[in-house]
Each structure stands twice: as C-alpha cells, then as structure tokens.
Enquirer: 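Here you go, one structure.
Fair warning: this is a prediction, and the values are worked out from it, not measured in the lab.
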Amino acid sequence: MKALTFQGKEKITFETVSDPKIESAGDVIIKMTSCAICGSDLHVYHEREKGIDRGTAMGHEFAGEIVETGNSVRKLNIGDRVMSPFTTSCGTCFYCQSGLTCRCVRSQLFGWVEKGHGLHGGQAEYVRVPLAESTLMKIPEGIREEEALLLGDVMSTGFFCARQAEVKETGTYVVVGCGPVGLMAVLGAVNLRARNIIAIDTVPERLAKARDFGATALHALNDPVTDMIRDLTEGRGADGVMEAVGSYQAVRTAIDLVRPGGVVASVGVCNDDHLAFSPVEAYNKNLTYKIGRCPARYMMEQLIPLVQEKKYNIASIFTHRMKLEEGAAGYTVFSGRQDHCLKVLLRN
Ligand SMILES: [Zn+2]
Ligand SMILES: [Zn+2]
C-alpha cells in the first residue's frame, strides 16, 4: 500500500510500504477513507519530537471502513464505517474505567513507531487498529466523516480543555491560540454557556473564525489584551485560561492573564523540560494548573449527540481538501500557514 511517511526533518513522502496485517486476535484492518493533518503531526514534521523511525506512516486522525477482523473481534464487522481516537485503549483497565482513556495501560499512539515498535498512522491507504473493539467507534447516524475526524482529536481536545478550565456561565474565560484545538476550545466554552470568551492569536483568519464561533477575538500584539481582560474582571484577571498551543510563551501568557485562584488548562503537546512559571508565582496566585493529553475515546462518546444535533459548524475549520497522494504538499501548506490554511483533510 501507499502511505505518507516520515523521512526526516520536514520531509514527508508518499511511499510504498508493507501492507498492515492482523497481528493479534483483537486487531482490525481498516481501509482509510479520510484523514487529517494535525498540529501535533507538525511536531514530528519539524523534528521537535525525537525518536520516530524513518518510514513511519504519519497521522492519527482517520476514519474508514473495516476490511478485515481478528479472530476475537465480535462487535465490529467487515464493512462497518468507523472513527478512531488518536490512541488505542483497552476499555477495561483502571484508566479506561475512570475516563482517562489516554492513559490506558495498553495505549499506543497512531503514527509513532520507534526502534521498530509502535503503530503506523492513519495517513495511509490501510491502517491496523489493535484493541479495535474498545478503540474504534462505528460512525453513528447523522455524523459525516469529516466530523468524525474532528471527534477523534481536535474537537474532543478543545472541549476537554474547556472542561479542564472549569468554564461556567459567569466569569471571563480566555483561549490562548486559535488553531484548530483553540477554536474547538472556544466552542467548548460556548457549549458550557460562558458569556465572556476572549480568544487570542495573531493570525487574522483564525481570529475571524474565533469570532464566528462566539468569542471576542483579540490580536495578541495589536490589542491591549491585558487591559481589556482587567476591565472585564474589575482588575482581577481571567477566571480560566485555555492554553491550546503547548509553547513556553503561550503558557506564560496564560499565567499572566489568569486571576488569583483561577485555572489554567494546557492541552497542546508539550515537549518542554521546565514550567513557564515558578512555584512561588503559582503559590502567590493560588494557581490551579492542569496539563495533559485529552482522553479522546472517552470524550468522543460524550460529544456524539452534540455533533448529531449540528449545533456548531465544526467542519468549517477544514480549509483545504486534497487527495492522500497530495499529502506532502498538504504538510507544506499547513506548516507554512500558506493560503490561509487552518486544517487539511485528505481523502483516499
Ligand atoms: Zn491530532
Ligand atoms: Zn485501558
């Protein structure tokens, strides 16, 4: 089969790789029909995360049709259309049972093979999915495939971020970074009925989208962000900040904007060795700082009814649609934010 493979820093190629095979009784093979490029794929692309083998099929946002099932698979059948979270999960361990599916003891991340071990990704014609019955979900009635892709990661992550930031109807909430996850965090806050949502970025079209979704959009450099938030909160600062970037600077901004006793929630992939704030700063602010990967499998289940209702036009964040074979160009466009690119959908 063919797949978009990692070949070194900023080098993704559409290559022939070996076909995935059933390796365990709980595996299925799916024929990928659509997939997306994620901001966290860019960490790999730019080699900010080390260790991935060359030749690894990229990607962890995908949907498709089951074409082969392992011997123990009962709840899924050949021909089922399925969506996937970005990691596998067993459904029975302590973490799966408590809703932290991202920390499943048998969890594997799609699109990460290191020293020959791991899972190839979804930006490929076929994908092997281990623990298939507890990882995959059949795409329910009324959910389009492109919406299913967003459920598998960025929508779940954005809504998780809003939940982590303890967003309520009253109060002032800030989203730092209006990429796909930040935009979904805006919707997550809207969905928790927050009346005052401030979204911060520097890219005009991202700010326009945040405004569309219901936030007051502020340019990080051109608008007096700190003063405006102080004005809204009698000088206190934001009650909660959703940090959707993962960089030192974004966390720093979040810490500066949150009020004493407030919450900062970080969901962007983090590769830093040190925090962007000191213990004394946290102490003096009575800060609550929450950080970590979204339990996407758990969140997907919660969010399905909302997507079925079509309450929000989530798929409008896809600005570019291409064929899988054109995916290398998709990486260039997405990473360079060329042509106002916000998110790339690839079809097989
Ligand atoms: Zn993703
Ligand atoms: Zn588990």
Enquirer: Would you say that more than 12 heavy atoms from the other residues, nucleotides or ligands in this model lie under 6.0 Å from the OH of Y95, or not?
Expert: no
Enquirer: Give, for atom CH2 of W112 and atom OG1 of T56, the distance between the pair rounded to the nearest 0.5 Å.
Expert: 8.0 Å
Enquirer: Quick check: do V307 and I314 have side-chain heavy atoms less than 4.5 Å from each other?
Expert: yes
Enquirer: Are more than 12 heavy atoms from other residues, nucleotides or ligands located less than 6.0 Å from atom CG of D339?
Expert: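 Correct, the count exceeds 12.
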Enquirer: Can the ring centres of F277 and Y289 be said to be less than 6.0 Å apart?
Expert: yes
Enquirer: Just checking R252: does its CZ atom have more than 12 heavy atoms from other residues, nucleotides or ligands closer to it than 6.0 angstrom?
Expert: yes
Enquirer: Looking at P224, is its backbone amide N or carbonyl O close enough to the side chain of D227 to form a donor-acceptor pair, meaning the two atoms are under 3.5 Å apart?
Expert: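 Looks like no, no N/O pair under 3.5 Å.
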Enquirer: In terms of hydrophobic clusters joined by side-chain contacts under 4.5 Å, are F160 and I317 together?
Expert: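 F160 and I317: one cluster.
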Enquirer: About how many Å separate CD of E10 and CG of L42, when rounded to the nearest 0.5 Å?
Expert: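 Those atoms lie 9.5 Å apart.
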Enquirer: At what distance, to the nearest 0.5 angstrom, does OG1 of T5 lie from CE of M58?
Expert: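 Here the rounded value is 9.0 Å.
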Enquirer: Does the side chain to side chain contact (heavy atoms under 4.5 Å, CB included) test come out yes or no for C270 and D272, once each step is laid out?
Expert: CA-CA 6 Å; C270 174; D272 294 338; 4.1 Å; yes
Enquirer: Under 6.0 Å from the CD atom of E141, do we count more than 12 heavy atoms belonging to anything else shown?
Expert: no
Enquirer: Within a strict 4.5 Å, meaning less than it, do heavy atoms of the S89 and L131 side chains meet?
Expert: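 Heavy-atom side-chain distance check fails, nothing below 4.5 Å.
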Enquirer: Is K2 paired with E325 through a side-chain N to carboxylate O contact shorter than 4.0 Å?
Expert: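 No.
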Enquirer: Considering all heavy atoms of both residues, which atom of G177 and which atom of A244 are nearest to each other, and what is their separation?
Expert: O-CB, 4.0 Å
Enquirer: Which atom names give the shortest non-hydrogen contact between V175 and G182, and what distance separates them?
Expert: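 Minimum heavy-atom contact is CG1-O, 3.5 Å.
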Enquirer: For side chain to side chain contact (heavy atoms under 4.5 Å, CB included), just list the numbers for M155 and L303, CA-CA rounded to whole Å, side-chain angles, deciding distance to a tenth of an Å, and then say yes or no.
Expert: CA-CA 9 Å; M155 183 189 189; L303 295 174; 4.2 Å; yes
Enquirer: Return yes if some donor-acceptor pair links the side-chain N/O of S107 with the main-chain N/O of R103 below 3.5 Å, else return no.
Expert: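 Not at all, since once roles are kept as given, no pair shorter than 3.5 Å links the two residues.
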Enquirer: Before giving the answer on side chain to side chain contact (heavy atoms under 4.5 Å, CB included), spell out for C178 and I200 the whole-Å C-alpha distance, their side-chain angles and the decisive distance to 0.1 Å.
Expert: CA-CA 7 Å; C178 297; I200 306 170; 5.9 Å; no
Enquirer: Please check if the side chain of S24 supplies one atom and the backbone of D27 the other of a donor-acceptor pair under 3.5 Å.
Expert: no
Enquirer: I need the minimum non-hydrogen distance between H120 and A57, along with the two atoms involved.
Expert: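 Of all heavy-atom pairs spanning H120 and A57, the closest is ND1-N, 3.0 Å.
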Enquirer: Could you walk me through whether F94 and Q97 satisfy the side chain to side chain contact (heavy atoms under 4.5 Å, CB included) test, starting with their C-alpha distance in whole Å, then the side-chain angles of each, then the deciding distance to 0.1 Å, before giving a yes or no?
Expert: CA-CA 5 Å; F94 172 85; Q97 290 287 310; over 6 Å; no
Enquirer: Tell me whether the count of non-hydrogen atoms from other residues, nucleotides or ligands lying under 6.0 Å of CD in E309 goes above 12.
Expert: yes
Enquirer: Atom NZ of residue position K323 - does it have more than 12 heavy atoms of other residues, nucleotides or ligands inside 6.0 Å?
Expert: no
Enquirer: Looking only at heavy atoms, which two atoms of M300 and S156 are closest? And how far apart?
Expert: N-OG, 3.7 Å
Enquirer: Under 3.5 Å, is there a donor on one side chain and an acceptor on the other for E15 and T13?
Expert: yes
Enquirer: Tell me whether L151 shares a hydrophobic cluster with M184, the cluster being built from Ile, Leu, Val, Met, Phe, Trp, Tyr side chains joined at under 4.5 Å.
Expert: yes
Enquirer: Using modelled atom types and a 3.5 Å cut-off, is there a donor and acceptor pairing between side-chain atoms of E301 and backbone atoms of Y298?
Expert: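 A pair under 3.5 Å: no.
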Enquirer: Are F86 and F110 close enough that their ring centers fall under 6.0 Å?
Expert: no
Enquirer: Could you tell me if the side chain of K168 sits less than 4.5 Å from the side chain of R193, heavy atoms only?
Expert: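 No, their side chains stay 4.5 Å or more apart.
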Enquirer: Using a 4.5 Å cut-off on heavy atoms from C-beta on, say whether the side chain of D239 contacts that of V263.
Expert: no
Enquirer: Donor-acceptor pair, E243 side chain versus G246 backbone, under 3.5 Å?
Expert: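 Answer holds: yes.
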Enquirer: Would you say the side chain of I30 lies within less than 4.5 Å of the side chain of Y126, judging by non-hydrogen atoms?
Expert: no
Enquirer: Given 3.5 Å as the limit, does a donor-acceptor pair link the side chain of E133 with the main chain of K75, or not?
Expert: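 The answer is yes, because a donor-acceptor pair under 3.5 Å joins these two groups.
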Enquirer: V264 and A254: which non-hydrogen atoms are nearest, and at how many Å?
Expert: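 The pair with the smallest heavy-atom distance is CG1-CB, 3.8 Å.
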Enquirer: Between R144 and K310, which heavy-atom pair has the shortest distance, and what is it?
Expert: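 The answer is N-NZ, 4.2 Å.
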Enquirer: Run the salt-bridge test on K209 and E205 with the 4.0 Å N-O cut-off and return the result as yes or no.
Expert: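 No, K209 and E205 are not salt-bridged.
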Enquirer: Under 3.5 Å, is there a donor-acceptor pair between the S34 and E145 side chains?
Expert: yes
Enquirer: Determine yes or no for a side-chain-to-main-chain donor-acceptor pair under 3.5 angstrom, with K285 supplying the side chain and V258 the backbone.
Expert: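 Checked: pair present.
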Enquirer: Are V28 and V127 connected into the same hydrophobic cluster when the rule is that any two of I, L, V, M, F, W, Y join if their side-chain heavy atoms are below 4.5 Å apart?
Expert: yes
Enquirer: Ignoring hydrogens and geometry, is there a side-chain-to-backbone donor-acceptor pair from R106 to C90 under 3.5 Å?
Expert: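 No; zero donor-acceptor contacts below 3.5 Å.
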Enquirer: Is any side-chain heavy atom of R81 less than 4.5 Å from a side-chain heavy atom of I66?
Expert: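 A side-chain contact under 4.5 Å is absent here.
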Enquirer: Any link between V176 and V181 through a network of hydrophobic side chains (Ile, Leu, Val, Met, Phe, Trp, Tyr) touching at under 4.5 Å?
Expert: no
Enquirer: Any salt bridge between R128 and E23, counting N to O under 4.0 Å?
Expert: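 Yes, this pair counts.
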Enquirer: Between atom CG of D212 and atom CZ of R206, what is the distance when rounded to the nearest 0.5 Å?
Expert: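 Spacing of CG (D212) from CZ (R206) equals 14.5 Å.
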Enquirer: Measure from the side-chain N and O atoms of K290 to the backbone N and O of Q164, and report whether any donor-acceptor pair falls under 3.5 Å.
Expert: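 Yes, the answer is positive, given that a donor and an acceptor are paired below the 3.5 Å cut-off.
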Enquirer: May I ask you to decide if A25's main-chain N or O and S72's side chain share a donor-acceptor pair within less than 3.5 Å?
Expert: yes
Enquirer: Roughly how far, to the nearest 0.5 Å, is CZ of F6 from CD of Q123?
Expert: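 Here the rounded value is 13.0 Å.
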Enquirer: Please round to the nearest 0.5 Å and tell me the distance separating atom CE of M299 and atom CZ of F159.
Expert: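 Output value for this atom pair is 8.0 Å.
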Enquirer: Decide, yes or no, whether a salt bridge links D53 with K115 under the criterion of side-chain N to carboxylate O below 4.0 Å.
Expert: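 Salt bridge absent between D53 and K115.
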Enquirer: What I'd like to find out is whether the side chain of H219 reaches to under 4.5 Å of the side chain of L207, using heavy atoms alone.
Expert: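 Yes, close enough: below the 4.5 Å cut-off.
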Enquirer: Do L346 and V44 belong to the same hydrophobic cluster, where Ile, Leu, Val, Met, Phe, Trp and Tyr are linked whenever their side-chain heavy atoms lie under 4.5 Å apart, directly or via other members?
Expert: yes
Enquirer: Apply the side-chain contact (heavy atoms from CB on, under 4.5 Å) test between Q108 and each candidate in V113, T87, T88, T135; give the one that qualifies.
Expert: T88
Enquirer: Is R230 atom CZ crowded by more than 12 heavy atoms from other residues, nucleotides or ligands, each under 6.0 Å away?
Expert: no
Enquirer: Can a salt bridge be assigned to the pair K343 and E146 using a cut-off of 4.0 Å between side-chain N and carboxylate O?
Expert: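 So K343 does not pair with E146 through a salt bridge.
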Enquirer: Is there a side-chain contact between Y45 and I12 (heavy atoms, below 4.5 Å)?
Expert: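 They are in side-chain contact.
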